[in-house]
Amino acid sequence: MSDVPWLTILILCPVIGLVAILLTPATRPDWIRRISAASGLATAAVVAVLWSRFDPQRAGYQFVEHRAWIPAFGIDWHNGVDGLNLPLLALTAIVFVTGVLVMWELKERVKEYFAFMVLLVVGVFGVFMTLDLFFFVFFYEVAVLPMYLLIAIWGSTRKEYGAMKLTLYLLVGTALVVPAALAVYWGAGLGTFDITRLVAAHYGRTFQLIVYPFLFVGFGILAGLWPLHSWSPTGHVAAPTAVSMLHAGVLMKLGAYGILRVAMPVLPVGAHYWAATTATLATVNIVYGAFVALAQTDLKFVIGFSSVSHMGIVLLGLSTLSQAGVNGAVFQMFSHGVMTALFFAAVGYIYDRLHTRDIGKLGGLSHSLPVASAFFIIAALTGAGVPGFSSFWAEVMVFLGTLETYPVLAAIVVVALTITLAYSIRVIVLAFFGQPREAHPAVPDIPPFLALPRAILVGFLLLFGFMPHLILDVIRPAGDAFVRIFS
Amino acid sequence: MSRWVALLPEAAVAVSALLVFAALMVDRDRTRWARRAAFLGGLLVLAASLATLGRTEEFFWATYRVDTFSQLVKAAVAAGFLLGAFIVGGGEGQREDVRGEVFFFLLTSTAGLISLASSVELVSLYLSLEIASFSLFVLVPMRDRFELGREAALKFIVVGLAASAVTLFGLSILVGLTGTTRIDQIALVIPQMADLPTRAAAVFGLALFLAGLLFKLAVFPFHFWAPDVYQGASHGVAAFVATASKMAAVAILARLLTLAALWGTQLVTALALMAAVSMTLGNLVAIVQKDVKRMLAYSAVAQAGYIVTGLVAFTREGMAAAIFYGILYLLMNAAAFLVVARVGADGSNPSLDDLRGLHRRSPLLAATLLLALFALAGVPPTAGFVGKWFLFAAAMAQGWWLLVLLAALNTTVSVYYYLVAVKHAYLLPDERNRGPLVLTLGDRAMCYALSAAVIVLGVFPTPVYHWAARAARLLP
């Protein structure tokens with residue numbers, strides 16, 4: 001293995017991009033866009049290198065970088081990649097690049113927008129690559145806070161309320177995570193925040209049973225865990241397009257990833273004890289999200305609640321503690337990320353041109369905007385779990401995992417999946433077919449340059465829909481090893 | 001003879017005060033000359049403190065101790081003085097006839113704080129405390145055209161003197177029971193007291209003595225002066241109170257609390273309770289404030305609670321974390337007050353509404369405010385995050401999980417009002433359509449320097465923490 005610090009290079013791409021943006025005068029928005037796109041493409045290139053050099057069959061972490069950072073508290077700059085986080089790094093790069101392209105037409109306060117967005121991406125990459133609990137929380141919060149400004153300044157529809165609600169909910173999550181992380185540090189008694197060593201440490205059963213819910217709920221809030229999910233649809237609706245993409249596409253995965261990387265392996269006894277409870281909550285997520293989505297009239301609210309429902313599938317997969325469930329959950333994180341990004345990108349274009357997202361006012365869009373409509377319909381079909389798109393495999397795997405462990409919940413999930421199909425079809429039929437309910441200004445269909453990012457997202461959905469082994473080969477060895485902790 | 005070199009910072013502060021005094025005798029431009037002398041003096045003190053960092057000497061029958069701990073605190077206090085003097089600027093908002101004198105009294109207060117850092121004996125500790133406080137009693141009413149300034153000054157003096165009286169009473173009990181005023185000897189004598197009531201009385205005496213320091217730190221229930229003084233004092237003076245004075249109080253509290261650890265849990269529990277109430281009360285009351293300085297005052301009450309959280313760990317890590325946080329706190333508060341002073345350049349107190357449209361009027365000030373407030377809230381990558389992490393980790397390592405949980409929840413509450421301020425600066429339009437805020441070159445440089453410091457220390461805390469840890473190791 002070469003000693004090139006690929007992961008440090010990966011996180012430096014957006015950091016350098018951020019510095020460059022800050023140094024560029026605000027009067028040159030074209031340069032700021034180009035810098036953002038360049039740093040996005042750079043991260044994509046590095047992730048491509050990682051993916052090509054990654055050896056799925058090797059156990060443990062690869063591309064490991066390890067050096068002391070704050071020795072007094074046992075905090076290290078420790079990064080590594082395995083099958084669980086590599087797809088998520090790829091997801092982040094994909095959504096970052098497409099997110100920058102989608103916002104190319106932004107006019108208002110361009111410099112600040114891209115600065116905050118790139119800062120957010122720094123946080124996301126950091127969380128996905130670090131193996132140190134301190135840096136995990138550090139980057140986790142770096143990713144959360146720019147959100148407030150991104151939504152409050154550039155958002156729509158009750159943006160200040162949505163932004164503040166989202167921020168406070170997520171910070172309550174961190175307020176649970178931070179003491180729990182420190183408690184783990186204390187409980188392990190090793191004087192280190194190194195996750196790989198914390199995983200190996202021994203904790204008392206009572207300790208695990210008490211601390212695990214703090215971590216699960218704390219991270220779960222960001223993953224849209226019912227009943228603490230209500231920030232998510234409000235926030236998504238309020239956010240500007242690319243922020244919704246990043247948020248639903250990537251940021252919600254941070255929560256699930258926190259459960260996967262920190263909560264479950266560090267406190268396996270706790271995870272085992274609470275698994276039935278968390279699985280039930282996750283099932284409520286799936287069912288509740290689907291039902292509420294069925295009743296929405298705002299396109300973005302439909303997507304927002306569908307995210308709540310789909311993130312429930314991830315949480316359910318993790319809670320099964322089974323191979324199929326965990327592998328499916330990781331796959332679902334990736335595929336839901338791409339799908340939601342496409343969803344929001346598609347709606348973003350329609351809203352930008354027609355200035356409405358109300359299903360009651362739309363209709364017949366497939367005639368006037370065939371390409372833009374196609375993107376939305378593809379996303380909706382993916383969400384409904386239609387074969388041919390990547391979510392199908394992910395959902396099937398989670399379903400099989402659930403069937404093994406919680407057959408009753410699996411039965412409920414099947415019902416919920418039909419509702420998912422129902423709300424997807426309802427939206428497609430009402431908004432995109434039939435006759436327009438209100439007269440709309442004649443607007444051009446999506447131009448090629450703006451279609452490009454959306455087409456990239458569709459490409460990934462199809463690629464892993466038809467060739468799921470490309471990603472499952474990466475995930476599976478790590479996922480199988482992960483499940484062995486609990487047996 | 002060479003050992004007297006260790007007293008260079010004290011000499012420097014004395015010379016500087018004389019320099020400023022001399023500058024005030026100049027007929028023309030006396031404010032400007034006083035300001036130059038003050039800056040020169042501040043730099044001298046800072047340089048002298050840093051130059052003597054690492055020396056260990058004792059003076060005056062072991063009542064005055066120079067060590068890494070004291071010199072680090074002195075350097076921080078000198079930096080706080082420089083920042084305060086910088087924020088005072090040309091003295092806008094001060095009474096016209098005393099604009100130059102502000103620098104003089106800031107320096108005398110600094111002198112008190114500097115000798116406080118080296119005091120290892122209760123009487124010199126008390127005297128240093130009073131020198132620092134009395135200078136501030138004079139400074140607060142120097143505010144121009146502001147009725148509340150006089151009220152604040154009166155409150156400050158009355159509460160301050162009451163705290164002094166309590167401190168002295170505690171001192172007399174301690175001296176009477178132990179027969180010594182040296183901290184290290186008290187620490188030896190008290191555990192040997194066989195008689196339980198005598199020991200309890202000694203702990204009581206120490207608790208009373210601590211009150212004087214908790215007053216300086218504005219910990220509940222000694223916080224009542226803070227909002228009025230922050231609001232009533234001019235920007236520069238308030239900045240000095242919030243930075244240099246706070247830092248010294250944290251440090252000396254750390255030194256005294258090592259004593260408290262020796263005897264009994266009641267005092268520790270009481271401190272933990274004070275910390276809990278401080279942060280909760282400070283944060284909740286800060287939410288409803290409209291005056292930015294008043295908001296910062298209540299936030300300071302909450303921050304004092306966080307610092308005490310680290311101190312009640314009674315470990316070297318906790319002490320180091322508290323000293324480290326004191327240094328960070330100095331920087332982030334200075335940044336916040338710099339923005340307050342420049343937004344209220346006419347000397348008036350900016351309200352939240354005055355922050356409106358700041359991102360358009362001066363993007364640099366808005367960014368500095370954003371960073372300062374995020375740092376106070378403890379959001380990474382700013383230094384506030386790592387500082388709080390250290391404090392909480394130290395407390396958690398001693399099993400204070402409930403306190404840490406409360407502190408973490410409090411952090412969430414605090415983010416709300418910091419975000420409200422950020423919202424005014426970044427989001428809400430300026431209805432009065434005020435023009436751009438023009439900053440001097442010095443102001444711009446200071447904004448960049450403080451912002452950079454807040455981020456760099458947040459990502460690379462080790463070098464500064466290393467010194468804080470070395471200082472904490474030296475505590476008795």
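Reminder, nothing fancy here: chain letters follow the sequence lines and each chain counts from 1. In this text, all values refer to a predicted model and were calculated from it rather than measured experimentally.
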For each of [options], tally heavy-atom pairs with chain A at distances under 4.5 Å, and name the one with the top tally.
{"options": "B:Leu419, B:Val379, B:Leu409", "value": "B:Leu419"}
{"options": "B:Leu405, B:Val404, B:Thr411", "value": "B:Leu405"}
{"options": "B:Ala394, B:Ala320, B:Gly458, B:Ala397", "value": "B:Ala397"}
{"options": "B:Trp389, B:Phe392, B:Tyr426", "value": "B:Trp389"}

Side-chain donor-acceptor contact under 3.5 Å, [X] with [Y]:
{"X": "A:Thr167", "Y": "B:Tyr416", "value": "no"}
{"X": "A:Arg67", "Y": "A:His78", "value": "no"}
{"X": "B:Tyr325", "Y": "B:Gln303", "value": "yes"}
{"X": "A:Arg109", "Y": "A:Tyr113", "value": "no"}

Under a 4.5 Å heavy-atom cut-off, does chain B meet the side chain of [X], its backbone, both or neither?
{"X": "A:Thr174", "value": "neither"}
{"X": "A:Leu149", "value": "side chain"}
{"X": "A:Ile75", "value": "side chain"}
{"X": "A:Ala181", "value": "side chain"}

Enter the distance from [X]:[atom1] to [Y]:[atom2] here, rounded to the nearest 0.5 Å.
{"X": "B:Asn410", "Y": "B:Leu281", "atom1": "CG", "atom2": "CG", "result": "10.0 Å"}
{"X": "A:Trp186", "Y": "B:Met396", "atom1": "CH2", "atom2": "CE", "result": "7.0 Å"}
{"X": "A:Ile11", "Y": "A:Asn79", "atom1": "CD1", "atom2": "CG", "result": "7.5 Å"}
{"X": "A:Ile259", "Y": "A:Leu225", "atom1": "CD1", "atom2": "CG", "result": "7.0 Å"}

Any side-chain heavy atom of [X] within less than 4.5 Å of one from [Y]?
{"X": "A:Ser36", "Y": "A:Ile21", "answer": "yes"}
{"X": "A:Val266", "Y": "A:Val211", "answer": "no"}
{"X": "B:Leu391", "Y": "B:Thr309", "answer": "no"}

message: As a quick check of understanding, evaluate side chain to side chain contact (heavy atoms under 4.5 Å, CB included) for A:Tyr169 and A:Ser230, giving each step before the final call.
response: CA-CA 9 Å; A:Tyr169 261 85; A:Ser230 70; 3.3 Å; yes

Contacting moiety of [X], where chain A heavy atoms sit under 4.5 Å:
{"X": "B:Ala469", "result": "neither"}
{"X": "B:His466", "result": "neither"}
{"X": "B:Leu428", "result": "side chain"}
{"X": "B:Pro381", "result": "both"}

message: Working note: B:Ser299 + B:Tyr418, criterion side chain to side chain donor-acceptor pair (under 3.5 Å); need CA distance, chi angles, decisive distance, verdict.
response: CA-CA 9 Å; B:Ser299 119; B:Tyr418 292 128; 3.0 Å; yes

- prompt: Do the two ring centres, one from B:Tyr298 and one from B:Tyr417, sit under 6.0 Å apart?
  reply: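 No.
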
task: Please confirm whether A:Phe193 and A:Phe73 have ring centers closer than 6.0 angstrom.
output: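 They do not qualify: ring centres at least 6.0 Å apart.
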
- prompt: What parts of residues 121-142 of chain A touch chain B if we use heavy atoms and a cut-off under 4.5 Å?
  reply: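 When heavy atoms of chain B are the reference, residues 121-142 of chain A contributes A:Leu133, A:Phe134, A:Val137, A:Phe138, A:Glu141, A:Val142 within the under-4.5 Å range.
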
- request: Give me the contact list for residues 363-377 of chain B versus chain A, heavy atoms only, anything under 4.5 Å, ordered by residue number.
  value: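 Residues of residues 363-377 of chain B touching chain A at under 4.5 Å: B:Leu370, B:Phe374.
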
